[in-house]
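This is the structure, below, for whatever I ask next.
Each ligand, and each atom within it, is numbered from 1 in the order the structure gives. Index from 1, following the sequence.
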Amino acid sequence: MASFPFLLQVHSGHNQVELSYNGQHLEFDAPDHNETKQSSGCLPCGPSPSSTVNRTIRTVDILNIVLQEQLNIAVCVPKAGPRSESALEVFQFQVKDQTQAAQWQANVLSHVYKDVKRSKHFKVLVNPFGGQGHAKRLWEHITEPLIKAAGCTYDITYTTHRYHAKEIARDLNILQYDAVVCVSGDGVVHEVINGLMERSDAIIAHKLPIGAIPGGSGNALSFSLLGEDHGAHVGNATLGVIKGRAMPVDLCSVTQGNERFFSFALQSFGLIADVDLGTEHMRWMGEARFTVSAVGKLLSQATTGCELAYIPVETSIKRIHEQYNEARQRPVVWADQTQDELDTNHTSIIDKFGRATDSLRQEDGWVVENDDYVTVVGAKMPWISKSTVTNPAALPNDGCIDLLVFSKNMGRIAGLAIMIGVETGEHVFHKDVRYMKVKAFRVSPKASSGFISMDGEHTPYQPYQVEAHRGLISVLSIEGRYARSMKQ
Ligand code: ADP
Ligand code: MG
């Protein structure tokens, strides 16, 4: 067994280079291509510069090491901030001794893919309509090159209509794939999950991991996995798909009339639903459409009446905050280390608290109120889109729904303060905001028309009931938890 550092002597043009891998990083001196104004990427390219720069590459960013006549090391260059172009960098070296190089390659790769499957095979769904219509370009310029460089393979479908992704998931040969990767917003993910859950073999199909590449205007999953700074970055999201492991995530079952379907991210009523669904005509604005619309609605002080019922687990924001910090201290649990609810009864998912059309059973501990609300938002994800951390204490698999309630009496000043707080999740500490962990909730609207949004998808304006099912789906994640969404 080789011990760290794993060393290999190679050449880059006329320069001798030592590749050193210590279990955490790969380090080497690379010619300084800025000096000769060459584009970074392949080495050697163009005349060899005289000076070198030290490159330190994290294990997680190494996509692949390929040894043919040369040694190629493919790396994802981590970047924060807005969507950027190619995140792939390939370093090329000449080897002196093929046998030594092969041994070094095997040693390093065994660490690079320690607990993660190599060369995954993906079903890729690209929604060319999502967001501002950039998903196809993001796939071609950023995601596809990284996936190929990592040695992964895929079948791709460009969705052509609403429910296309659902149809595909319903008929997919799931045994062929390691994951379904959605280059889209949350709508396509929502459809994939519902397609998987409708299958006669849902008991197996629901375990197919989902990967999220932010290509829509509401990318809740991507932001929740990667956080505010990285959530919109397609390179990082792609890395998460290639290097991610299946993390168990709770799924909400939603009943409405005779229907039952599933929601993985958020269920909104009032302002947040209006902002989400009432701004289709502002799609050209990208994510800004949500902010612009929310400010307008807050200033108009609109409220919506409903009967709100919920089964509380924790109603103190102080305690919820403490529990959030405690949860982040606990070791990560992966999907293959857990038993989900479906496994325990082996047939179907039972909604323990009934349907939206049932009367509420007292023994379940329902709390019922009738009022006008600015908004009622249930969520399993902290972020709903960039700078919108509506439910900051949401955890992937605590078995609870985070319920956010804005009361009717907040004035314009408080409303705007809360609105600013939503950018960071601080609003939950505002006196006019209620934030609870619940097992289930029901919203019965009083008006005859309005918006109800499930994962950003339009849903009939009728009473709906939501219940969380622990760890029912899995999403690909490197960290095994969501990005930190509440300060310590
Ligand atoms: P966004 O975040 O911008 O809303 P989503 O990925 O959530 O993007 O998708 C929005 C909607 O687009 C979903 O309802 C999805 O079914 C639908 N859709 C998918 N493909 C197409 C298409 N080719 N044309 C129109 N709508 C589509
Ligand atoms: Mg959407």
### Query
Taking only heavy atoms of V188, which atoms of ligand 1 are found under 4.0 Å from at least one of them?
6 (O)

### Query
Below 6.0 angstrom between ring centroids: does that apply to H190 and F264?
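No, too far apart.
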
### Query
Do the numbers put K243 on top of the ring of Y113, so that NZ or CZ is under 6.0 Å from the six-membered ring centre and no more than 45° off the axis?
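The answer is yes; both the distance and angle limits are met.
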
### Query
What do you reckon, is CD of Q323 surrounded by more than 12 foreign heavy atoms closer than 6.0 Å?
yes

### Task
Using a 4.0 Å heavy-atom threshold (strictly under), name the region of T159 that reaches ligand 1: side chain, backbone, both or neither.
both

### Query
For ligand 1, which atoms sit closer than 4.0 Å to a heavy atom of T160?
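Within the 4.0 Å cut-off of T160, ligand 1 contributes 22 (C), 23 (N), 24 (N).
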
### Query
Heavy atom of G131 under 4.0 Å from ligand 1?
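Under 4.0 Å: yes for G131.
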
### Query
Is it true that H164 and H161 have ring centroids separated by less than 6.0 Å?
yes

### Message
Would you say NZ of K386 has more than 12 non-hydrogen atoms from neighbouring residues, nucleotides or ligands within 6.0 angstrom?
### Response
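Enclosed: over 12 neighbouring heavy atoms sit under 6.0 Å from NZ of K386.
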
### Query
When only distance counts, is F129 in polar contact with ligand 1, meaning an N/O pair under 3.5 Å?
no

### Query
Would a line drawn from the ring center of H321 to the ring center of F429 be shorter than 6.0 Å?
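Under 6.0 Å, so yes.
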
### Y163 neighbourhood, listing ligand 1 atoms whose heavy-atom distance to it stays under 4.0 Å
16 (O)

### Task
Number the atoms of ligand 1 from 1 as they appear, then name those within less than 4.0 Å of a heavy atom of R162, with their elements.
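Checking each atom against R162, I get 14 (O), 16 (O).
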
#### Entry: G130, any N or O under 3.5 Å of ligand 1 N or O
no

### Query
Side chain or backbone of H161 under 4.0 Å from ligand 1, or both, or neither, by non-hydrogen atoms?
backbone

### Message
Please verify the inter-ring angle class for Y461 with F269; under 30° counts as parallel, over 60° as perpendicular, anything in between as tilted.
### Response
parallel

### Message
With side chain to side chain donor-acceptor pair (under 3.5 Å) as the test, pick out the partner of K408 among D372, T304, D371, T303.
### Response
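Checked D372, T304, D371, T303 against K408; only one passes side chain to side chain donor-acceptor pair (under 3.5 Å): D371.
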
### Query
At a 4.0 Å cut-off, with the gap strictly under it, does some heavy atom of Y158 reach an atom of ligand 1?
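No, that is not the case, since the closest heavy atom of the residue is not under 4.0 Å from the ligand.
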
### Task
Pick whichever of L125, N127, D186 has a heavy atom sitting closest to atom 18 (N) of ligand 1.
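When every heavy atom of L125, N127, D186 is considered, N127 comes closest to atom 18 (N) of ligand 1.
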
### Message
Would you say K380 and S263 are linked by a side-chain donor-acceptor pair, where the criterion is simply a distance under 3.5 Å?
### Response
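Short answer, no.
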
### Query
Polar-atom distance check: G218 versus ligand 1, any N or O pair below 3.5 Å?
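It does: an N or O of G218 is found under 3.5 Å from an N or O of ligand 1.
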
### Task
Mind checking whether E457 contacts ligand 1 via backbone (N, CA, C, O), side chain (CB onward), both or neither, at a 4.0 Å heavy-atom cut-off?
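Looking at E457 and ligand 1, just side chain atoms fall under 4.0 Å.
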
### Query
Using a heavy-atom cut-off of under 4.0 Å, does the side chain or the backbone of N219 touch ligand 1, or both, or neither?
neither

